[in-house]
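Written out below as structure tokens is the structure these notes cover.
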Amino acid sequence: MTGSRADIFEVVYKIPKGKVATYGQVAALAGFKANEARQVGYALAALSEHSAIPWHRVINAKGTIALKGGPDATQRIRLEKEGVKFGAGGKIDLKRFGWTPEEESA
DNA sequence: AGCCTGACTCCTA
DNA sequence: CTAGGAGCCAGGC
């Protein structure tokens, strides 16, 4: 974790299916300090649609989808397909779907 | 080469 | 609940 975009992608790539992580969580794991989430958002925004990165598993600190794509947001659709449920207001229950790096920290 | 924009988060009022 | 400000990087024109 040198604190570069590449690290962000690796962390995101490690997020297991059916789970989600917040920008701040990913940023922290990637080795970021301040302005954490910003760079994560920019990095993901800059990656290609064909990327192997499960960027849709990355959401904001409020537990809601970051990208605004409307009711047909690709991010939300993909998450629902993976088993992630959205509550009222499109909020995800981080208590249930929040990714815990500890189980992957092996 | 420079300027503008954008998928965040936190704090305070 | 909403509104505003600070702090960072990369891509597109």
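Proteins come first, then strands; the chains are lettered A, B, ... in the order of their sequence lines, and each starts at number 1.
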Backbone N/O of A/E10 and side chain of A/D7: donor-acceptor pair under 3.5 Å: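 Judged by distance alone, no pair lies under 3.5 Å.
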Of the listed nucleotides [options], the one nearest the side chain of [X]:
| X | options | answer |
| --- | --- | --- |
| A/A37 | C/dA10, B/dG6, B/dT9 | B/dT9 |
| A/A61 | B/dA7, B/dT9, C/dC8 | B/dT9 |
| A/A45 | B/dA7, C/dA10, B/dT9 | B/dA7 |
| A/A46 | C/dC8, B/dA7, C/dG11 | C/dG11 |

Distance check needed: [N] [atom2] versus [X] [atom1], whole Å only.
| X | N | atom1 | atom2 | result |
| --- | --- | --- | --- | --- |
| A/N60 | B/dA7 | CG | C1' | 9 Å |
| A/F9 | C/dC9 | CZ | C1' | 11 Å |
| A/Q25 | B/dT9 | CD | P | 11 Å |
| A/K62 | B/dT9 | NZ | P | 6 Å |
| A/D7 | C/dA10 | CG | C1' | 15 Å |
| A/H56 | B/dA7 | NE2 | P | 19 Å |
| A/L94 | B/dT9 | CG | P | 10 Å |
| A/R57 | B/dA7 | CZ | P | 22 Å |

Residues A/R57, A/E82: salt bridge by 4.0 Å N-O rule: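 Answer for the salt bridge query: yes.
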Passing option when A/W99 is tested against A/T22, A/V20, A/L29 for side-chain contact (heavy atoms from CB on, under 4.5 Å): A/L29
Beyond-backbone contact of A/W55 with A/L67, side-chain heavy atoms, under 4.5 angstrom: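 Answer yes - side chains close enough.
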Ring-on-base stacking B/dG6 with A/Y42 (under 5.5 Å, under 30°): yes
